Amino acid sequence: MRAAIYNGKRNILMTELDTPKAGDNDIVVRNIYASICGTDVAVYLHGAETGHRVTVGGEFGHEMVSEVVQVGKNVKNVCVGDRVYPYPRLAKGDPKRAGTVGGFSEYVLIPNAKWKEQFYDVPDEISSKTACLIEPFTVGFRAARRSYPKPGENAIVFGAGTIGIAAAIGLKHMGCDKVMICDISDFRLNIAKNLGFAVCNSSRDDLKETAMAYFGTAPSRFGATADADIYIDAAGAESVLETYQAIGKIESRMVVVAVLAGKRPVDVLAMTYSQHALIGSGGYFPVDVDDVMAVMVSKKWDIESIITHEYPWEELVPAIEKASQVNEALNVVIRY
């Protein structure tokens, strides 16, 4: 089978490996589409330990939709030919392998395969191209859920990448009234705008003033500010937390989902006086998978429109490089 091996910074070996075979309790799937995650880009550009745990010398990739090609005799609720979503946290039986499932290889063995644990069936209403976004969308929906949204609340999402847009859609799905997406890339903001979201280019526009005009006003420690209840950091810029502490209204809350290694300063006294909440979000759970599939089936949002580039497997390296260019690309997928 065709396989991509991660060998370190800017070093990917495109090669062939033996095609896996299913044991009695396993399934083997053939990937149809794989999406490139921001952490795949990070480990490619900067080396291991800068994103998901990606092992030098091993297969990687984890955002994919696949077709079942082998089924062990003890595995239930699946047949050869079914389309499935391999659930990265458990697909290999080890949550530490969530980033190294093998999305950039042609075939993947899923050991001890259990339906709705290691894999999920993909409804016919969801195209294969859209389905390869299930994994990143579950990350965004988990971040939205971690904000504990209430019907009628308002939210600001930092970052117009796949996770940020997914979080914004998740917030709307969970009852938020108005959601604004903030970024510095007009290319990405235009895609978010076409999905129906208010947008702000924070490199050019004053976020506080723009948000106050859109949401209305509410009190903060420093006077009037935007009436936004929820902030989500899906950008990872060091300035985002500082911005939230400066403009967040009383009793607002911020969820951090972006992966940014290292420590970031928090003004604890200001957080206390402002009644702010700082919440972490990572990964996803079955409820997030169910919600994402329901939204994709509904077709309320043109989710596939965030895919800006499609490459054949042989062009994985230029595809990852393209995915790093935020003013030219949003989501980039690999077609098998």
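The first residue in the sequence is number 1, and the count goes up from there. Note that the structure is predicted; figures quoted are calculated from it, not measured.
Comment: Arg142 engages Asp288 in a salt bridge, judged by a side-chain N to carboxylate O separation of less than 4.0 angstrom. Ion pairing between a basic and an acidic side chain is recognised when a charged N comes within 4.0 Å of a carboxylate O; Asp291 and Arg145 show such pairing. Using a cutoff of 4.0 Å between basic side-chain nitrogens and carboxylate oxygens, Glu242 and Arg264 are not scored as salt-bridged. Look at Asp227 and Lys178 and you find no salt bridge, because none of the NZ, NE, NH1 or NH2 atoms lies under 4.0 Å from a carboxylate O. Between Asp229 and Arg253 there is no salt bridge, since no side-chain N of the basic residue sits under 4.0 Å from a carboxylate O of the acidic one. Taking the charged nitrogens against the carboxylate oxygens, Glu67 and Arg30 do have a contact shorter than 4.0 Å, which makes a salt bridge. Ion pairing between a basic and an acidic side chain is recognised when a charged N comes within 4.0 Å of a carboxylate O; Glu16 and Arg2 show no such pairing.
Residues Ile306 and Phe137 have side chains in contact (heavy-atom distance under 4.5 Å, counting atoms from C-beta outward).
Between Val29 and Pro86, the closest heavy-atom pair is CG2-CG, 4.5 Å.
Side chains of Arg83 and Ser128: a donor on one and an acceptor on the other come within 3.5 Å.
Cluster membership check: Tyr336 does not share its hydrophobic cluster with Val333, using side-chain heavy-atom separations under 4.5 Å among Ile, Leu, Val, Met, Phe, Trp and Tyr.
Residue Asp24 qualifies as enclosed at atom CG: its count of foreign heavy atoms under 6.0 Å is above 12. In this structure, Tyr273 places its OH atom where only 12 or fewer heavy-atom neighbours from other residues, nucleotides or ligands lie under 6.0 Å away. Counting non-hydrogen atoms of other residues, nucleotides and ligands closer than 6.0 Å to NZ of Lys299 gives a total above 12.
If you look at Tyr120 and Tyr87, their ring centroids are closer than 6.0 Å.
Cluster partners of Leu109, using a side-chain heavy-atom cutoff of under 4.5 Å among ILVMFWY residues and allowing indirect links, are Met1, Ile5, Leu13, Leu17, Val28, Val69, Tyr107.
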